[in-house]
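All remarks here apply to the structure that follows.
Excluded from the calculations below are hydrogen atoms, water molecules and symmetry mates; all remaining heavy atoms, backbone and side chain alike, are included. Please read all numbers here as calculations on a predicted model, not as lab measurements.
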Amino acid sequence: MKRTALKGLVDWKSSTRRKPLVLKGARQVGKTWLMKCFGQDHFKNMAYVDFYNNDRMKELFSGDFDIPRLIEGLQIETREKISPQETLIVFDEVQELPLALSSLKYFNENAPEYAVVAGGSLLGVALHEGESFPVGKVDYANLYPLDFCEFLEGIGETQLSEMLKACDWQMITTFKSKLIDYLRKYLFVGGMPESVLVYSEDRDFDSVRKVQNSILMAYNDDFSKHIPRNLLPKVRSVWDSMPRMLARERKSFSPGVIKKGSRFKDYEDALQWLVDAGLVHKVKQVSAPSIPLKNYTTDAFKLYLLDVGLLSCMAELEARTLLEGSSIFKEFKGSLTENYACQELTAQSNTLFYWSSERTAEVDFVFKHNDIVLPMEVKAEENLQGKSLRVYSEKYKPELALRASMRDYREDGWLTNIPLYGLGAWK
């Protein structure tokens with residue numbers, strides 16, 4: 001399965017200022033596979049260590065951080081000869097051993113010739129807690145579920161994916177019926193690697209749904225194992241409320257959706273845990289589209305799920321309902337589409353915000369691209385009656401405004417329409 005993130009790892013390998021690399025991402029987005037693929041294809045050999053329940057490594061890293069001693073122990077553990085520049089050292093589930101995280105500082109300072117990649121399913125939580133973490137001594141990379149182009153390649157539609165990446169809009173329009181059909185399927189299957197693999201092999205939506213339910217069960221197991229007992233009910237309440245939260249017309253976070261009469265501070269720690277675990281994206285509101293956008297954030301924010309397929313599973317959507325566009329599905333279809341857009345834009349390393357007026361206008365996403373601020377309105381169909389983007393444009397007069405919808409690509413003065421199926425490939 002081809003992953004775009006692999007190119008970033010290859011670039012990291014050749015960097016003259018390379019530091020140990022920390023790969024972040026939610027459980028089951030493919031971090032272990034990516035690290036192993038990188039080691040097998042781009043190094044002479046690989047020394048892979050899984051720190052989960054590994055008492056030998058706990059003993060090794062409980063001593064000093066003398067690099068020759070650590071290298072000797074890693075060679076014994078992995079049965080691989082570790083050579084500078086020729087061997088990739090992989091620390092998997094590294095959050096299980098904070099001392100191994102601390103060792104990255106010493107690899108960076110005393111042995112930068114070694115290529116070290118560290119990853120883990122709850123690494124973001126460990127990093128937020130700041131436990132023994134070598135700030136400033138590592139590089140970072142993020143891995144997300146497969147985007148739509150990666151999904152197409154994963155199911156054997158490589159030519160369609162390459163066509164999208166080339167942004168040949170005339171050719172794309174010619175094949176838009178196929179792309180729309182696959183986009184609807186992607187809204188059901190999503191981008192979790194196992195879901196895509198099962199769909200590519202069986203073309204069976206029931207099998208996909210079983211995989212998705214299994215992933216959600218694994219997340220719930222993580223909740224039980226890793227979250228303090230006093231915080232656990234709140235995390236589960238926020239997590240279970242995600243479909244209801246996104247189904248609302250105004251999607252800004254409202255604790256009253258979770259429990260009537262509750263306040264934001266009741267769930268603040270629970271929200272942070274889900275964000276750190278990579279399970280939700282937090283998109284903050286800005287009061288004005290000015291650079292740097294983070295300086296104009298308010299207390300309001302929206303939450304999106306890490307994967308649109310998991311969202312459709314949590315909402316218990318049937319494949320027929322989604323693929324045939326049932327009228328009873330009309331309201332939630334907009335929620336799925338907006339979550340999909342968030343997923344595509346985030347995979348392109350965009351930091352997303354949103355804008356809303358004091359009245360009713362709201363622009364779904366605002367982000368910086370090539371030193372300009374771009375507003376983007378997201379529509380699930382071709383019916384484009386929304387007025388929010390025009391209100392925004394009349395007020396701020398942006399160089400360019402974007403609309404993502406099912407209409408064909410079109411540049412119309414101040415507004416560019418991007419078809420939803422081409423959103424991930426557009427630059």
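In this structure, Arg184 forms no cation-pi arrangement with Tyr182, as its terminal cationic atom is not both closer than 6.0 Å to the ring centre and no more than 45° off the ring axis. Stacking of Lys178 on the aromatic ring of Tyr421 is not recorded, the 6.0 Å distance cut-off and the 45° axial limit not both being met.
Taking the six-membered ring where the residue is Trp, the centroids of Phe188 and Tyr199 are separated by 6.0 Å or more.
One finds a salt bridge joining Lys176 and Asp408 here, because a Lys/Arg side-chain nitrogen approaches an Asp/Glu carboxylate oxygen to under 4.0 Å. Salt bridge absent: Arg209 and Glu316 never bring a charged side-chain N and a carboxylate O closer than 4.0 Å. Using a cut-off of 4.0 Å between Lys/Arg side-chain N and Asp/Glu carboxylate O, Asp11 and Lys7 are scored as salt-bridged. Electrostatic pairing of Glu377 and Arg390 does not count as a salt bridge here, judged by no charged N lying under 4.0 Å from a carboxylate O.
Put simply, the residue from Phe253, Tyr267, Tyr354 that forms a ring-ring contact (aromatic ring centres under 6.0 Å, His included) with Phe301 is Phe253.
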Name every donor-acceptor pair, under 3.5 Å, that has one atom in a side chain of residues 291-299 and the other anywhere in the protein, sequence neighbours excluded.
unit_1	atom_1	unit_2	atom_2	d
Thr297	OG1	Lys294	O	3.2
Thr298	OG1	Gln285	OE1	2.5
Thr298	OG1	Ala300	N	3.2

Does the salt bridge (Lys or Arg N to Asp or Glu O under 4.0 Å) test come out yes or no for Lys333 and Glu338, once each step is laid out?
CA-CA 9 Å; Lys333 188 173 186 178; Glu338 200 170 317; over 6 Å; no
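Checked by atom type, the side-chain pair Asp92/Tyr48 shows a donor-acceptor distance below 3.5 Å.
In this structure, Arg244 places its CZ atom where more than 12 heavy-atom neighbours from other residues, nucleotides or ligands lie under 6.0 Å away.
Classification of the Trp273-Phe223 ring pair by plane angle, with boundaries at 30° and 60°, yields perpendicular.
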